[in-house]
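Accompanying notes for the structure given below.
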Amino acid sequence: MTAVKKKRKTMSIRQQEAMTAYIFVAPFVLGYLVFTFIPMLFSIFISFIDFNRLGHLEHVLGGMVEFVGFKNFIRIFTDEIALEAFLKSFLYILYFVPGRMVFGLLLAVFFNNEFYLRKLSRTLVLVPYVTNIVAVTIIFAIILDKNGIVNSILKVLGVNDPPMWLFNASTVLPVTAFIGVWQSLALVVIVYLAALQGVPTELYEACLLDGASSVQKFFHVTLPLISPTTFFLIVNNVILAFSNFALIKNLTGGGPGTASRVAVINIYEEAFAFNHYSYAAAQSIVMFIIILIFSAIQWKGQKKWVHY
Amino acid sequence: MKMRRILAFIISACLMLSLLAGCGSNTEKEADSKADSGTGTASTSEESKTAETKPEPVTLTVFVDTVQAQDQNLRKAFDDYEKISGNKVEFNEILGPIQEVPQKRDIALMSGDTTDIIRCNAIEGINYGTAKMVEGDLKPYFEKIGFDAEKTFGDTLYKDKDGKIFGVPTIATFWAVFYNKKIFDEANVPYPKAPWTWDDYIETAKKLTDPSKGIYGSYMPLYDNMFYIKASMAGLSGYKEDGTSDYDNPLFKESMLFYHELSAVHKIQPSWAEQQIKKMTSTYFLSGKCGMMFISSWYFSAISDLETYPRDWEIGVVATPTFKDLKENKNLAICDFHGININSKNKQAAADFIAWVSTNEYKYRNQFPAMANVQKSDVEDVFKSIEESTNGQITVDDLYNAYYNNGMGVASEKILGPIASQYSAIIKAEGENFITGAKTLDQAIADIKAKADEAIEQATESNK
């Protein structure tokens, strides 16, 4: 018996590499499809139907729910609470994004210098970022209490009636944004630090020869050269500010009243407290479009100030 | 090369498997039950009759939260039911924080979960009834096992507009005032005695309040219904006869002002704001820093739990104070809800289980029955058990006088109806707006009325 070896059909190296790549990418693609893309399509679908009460999903999928066109979207523009929630999201962005960018950059510049205990300081900046959000909210609730540390200091300084920071309609949003900045600053610092370390030292040496001051060096060399990082971080921060759910939910729950009820909290309430699934889906799509427009504007505008 | 390909495949497979593992659900502990057996087996009580022909035992599943899943007394009740009926009862535990349980249960049910029994609060139960997610007519199932739900529960049954029963209560909770005898003794104030009024309550609390020791005379939980105590005690439902919001009734305005003044004017209890910020919970009273607490009878489970809430002071209980200017004062109360999942495959057995727990569970858990016409003899064992668990600090007579022999009728502690959840959220938000000064009392009340009316209109349109 002579064994006849069949010639195995083999893939080329290129095909094998492509196959390996597909296999590696497959888990992500599968996860993305199941957990992001399909739910997104489903959200778009239910935003156009009347699924604003409890009911079985099989009825929805079975087409037993009325198609209402843009009714859920139109309702947003007559819903005072929803409009206020979007407005509060914009306000939150105004507090959160500049705060995170400025403090992040300042700390990164600081950490870019040699000083005693630099490594320990860098580590300490990371601590809030890895701390449980519930723990963060409890600590700040104590610090900002009516008789907490902050108000005790203010009283010593002569402020008679300091506010209840988290239960005052005019202070709750900026204070929440400040806590958000403090908690998530590490990422901005790390990214900026990496960017700062990539700025060629020859340019600073040239500035030194030209007699430029430190401020001039920062504004004319450092800032332009890290502008791609700044652009990335701004886009990232705006998205983060819009979707910052956990901190606000745990810290204030959207209160007092509706003072910190930003869009993402309102969407959650509509969907899971009131079972207005279609209406919540419509609001989330509006939020998605707003983020898209924000990002597009920034993308267009970057040509004027980002230097690659 | 071959080794590398194998390695790539293994890594990728592991990633894929870990991804898929994350998709598993722990709420899908489906009953290994057979198809609907058609008839139940259990009796309404241990003494009552058993069905003549015993059908095949089935495994019933019940939605419970993490606290209920740890409750040994509840498990004991279910174990006893298993012995009587031959059926098996399994918990379908909804994991995670208690406040997220309703959302998780909603989603499970919407996705077609077949857990047989839905156990929840009144608001959620009514929502499931309206959404037809629970069996809409339990009478035929009860008739098969000889259980007269109407006679047993009367008005506390959950019925639709056509009078069909879609839910049964098991436990009723009634409100009363608990007090810390040590704080009373130290302040040289006599223990409160019913009948008494809310003015008496305020005056007593003032005498107990001692800011230097951090002691408040009064404490009330952070429930939205604190904003409408007086209206509830007057028996208002929150809806007019035409179905619109009744929040323009002056009693709602008086109620909100009454609650606000307890902290803002009388300074007898921490404000809503302070409680929110400090994340103070209902168990704050058990820290020994409050003279009195107005709360419902579920609190007995916390009082009896000396391991979690140890205390070196004695406790007392007295009936809810009354409002002098109300013609009739009603005590606040609410019942829980048991219904059969519309997707259950064991509806008859589930009805049998509900009939049994609704008339027996309270005995195991030191709670009050939701049955109509409760006599002292019905609750004597429970009261004795509470007396024992409090080392005689609260006697059987104290309990009977505080909860049953108080000369008051009973009214729902919560605004229920078609927009119960939304009503609650609106009242809470506008109440906070008033408390923080963001709105005047009149503005807040007018906004509650307007927003509630809008929500009612939308709910009516959506349910058409």
Side-chain angles (χ1 to χ4, degrees), chain A residues 13 16 19-28 30-31 34-35 50-60 75 79-81 137-138 141-142 144-148 164-170 172 250-259 261 268-269 271-279, chain B residues 1 4-5 8-9 11-20 22-23 100 102-103 106-107 109-112 127-128 130-133 271-274 276-279 342-343 419 421-422 424-426 428-439 444 447 451 454-455 458-459 461-463:
Chain A
I13 300 274
Q16 285 177 30
M19 181 57 76
T20 308
Y22 284 131
I23 291 171
F24 270 109
V25 168
F28 167 76
L30 183 69
V34 173
F35 295 114
D50 183 14
F51 186 35
N52 286 320
R53 62 191 171 282
L54 266 178
H56 287 112
L57 277 173
E58 63 190 48
H59 294 168
V60 178
R75 188 174 149 194
D79 181 350
E80 206 183 298
I81 295 174
T137 58
I138 291 171
I142 294 166
L144 298 169
D145 179 37
K146 192 180 173 186
N147 302 312
M164 292 180 78
W165 300 96
L166 291 172
F167 214 82
N168 182 311
S170 53
V172 65
N250 280 294
L251 202 59
T252 67
T258 51
R261 192 171 168 136
Y268 175 84
E269 288 287 313
F272 299 111
F274 309 148
N275 306 113
H276 296 161
Y277 303 104
S278 291
Y279 186 43
Chain B
M1 195 66 184
R4 236 199 267 174
R5 275 211 309 271
F9 177 76
I11 294 170
S12 175
C14 288
L15 284 169
M16 195 81 82
L17 277 173
S18 63
L19 184 80
L20 292 173
C23 302
E100 287 172 15
Q103 288 94 320
D106 284 356
I107 290 165
L109 290 171
M110 285 166 69
S111 313
N127 284 345
Y128 292 136
T130 312
K132 303 197 186 317
M133 293 173 98
S271 68
W272 180 275
E274 193 178 341
Q276 283 270 18
I277 290 168
K278 288 184 175 166
K279 300 198 186 299
I342 197 80
N343 287 329
I419 58 152
S421 314
Q422 260 176 295
S424 164
I426 292 166
K428 191 168 163 283
E430 294 303 328
E432 286 184 359
N433 280 335
F434 164 59
I435 282 173
T436 54
K439 284 185 184 173
D447 284 352
K451 285 175 186 174
E454 196 185 331
Q458 273 158 11
E461 198 182 316
S462 198
N463 286 328

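Numbers restart at 1 for each chain; the letters A, B, ... are given by sequence-line order, proteins then strands. Just the heavy atoms: all of them, side chains too, but no hydrogens, waters or symmetry mates, feed the values below. The structure presented is a predicted model; accordingly, all values stated were derived computationally and were not measured.
Options A:Asn52, A:Asp145, A:Thr258, A:Leu166 differ in how many heavy-atom pairs under 4.5 Å they form with chain B, and the most are formed by A:Asp145. Between chain A and the residues B:Ala438, B:Ala273, B:Ala131, the largest count of heavy-atom pairs under 4.5 Å involves B:Ala273. Heavy-atom pairs under 4.5 Å with chain B were tallied for A:Ser170, A:Gly55, A:Gly255, A:Gly254; the largest tally goes to A:Gly55.
Scanning all heavy atoms of the two residues, the minimum distance from B:Asn433 to A:Gly257 falls at OD1-CA, 3.3 Å. The minimum heavy-atom distance between B:Asn343 and A:His56, with the atom names listed, is ND2-NE2, 3.5 Å.
Interface remark: B:Ile342 contributes side-chain atoms only to the contact with chain A (heavy atom separation under 4.5 Å). With a 4.5 Å cut-off on non-hydrogen atoms, A:Tyr268 touches chain B through its side chain but not through its backbone. Proximity to chain B (any heavy atom under 4.5 Å) is restricted, for A:Asn250, to the backbone atoms N, CA, C and O. The parts of B:Gln422 that come within reach of chain A are both its backbone and its side chain, each placing non-hydrogen atoms under 4.5 angstrom from that chain. Heavy-atom distances place the side chain of A:Arg75, and not its backbone, under 4.5 Å from chain B.
Listed by chain and residue number, nothing satisfies the side-chain hydrogen bond (donor to acceptor under 3.5 Å, both in side chains) test with B:Lys428 (two or more places apart in sequence, or in another chain).
Note that CG of B:Asp106 is 4.5 Å distant from CG of A:Leu54, once rounded to the nearest 0.5 Å. In this structure, the separation between CD1 on B:Ile107 and CZ on A:Phe272 is 4.5 Å, given to the nearest 0.5 Å. A distance of 9.0 Å separates CG of B:Asp447 from CD1 of A:Ile81, quoted to the nearest 0.5 Å. For the atom pair CD of B:Glu274 and CE of A:Met164, the computed distance is 6.0 Å after rounding to the nearest 0.5 Å.
In this structure the side chain of A:Arg53 never reaches within 4.5 angstrom of the side chain of B:Thr130, judged on heavy atoms. Taking 4.5 Å as the limit, every side-chain heavy atom of A:Tyr279 sits out of range of all side-chain heavy atoms of B:Gln458.
In B:Glu100, the CD atom is crowded: over 12 heavy atoms of neighbouring residues, nucleotides or ligands sit closer than 6.0 Å.
Using modelled atom types and a 3.5 Å distance limit, the side chains of A:Asn275 and B:Asn127 yield no donor-acceptor pair.
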Assess whether side chain to side chain contact (heavy atoms under 4.5 Å, CB included) is satisfied between A:Phe167 and B:Glu432, documenting all intermediate values. CA-CA 9 Å; A:Phe167 214 82; B:Glu432 286 184 359; 4.0 Å; yes
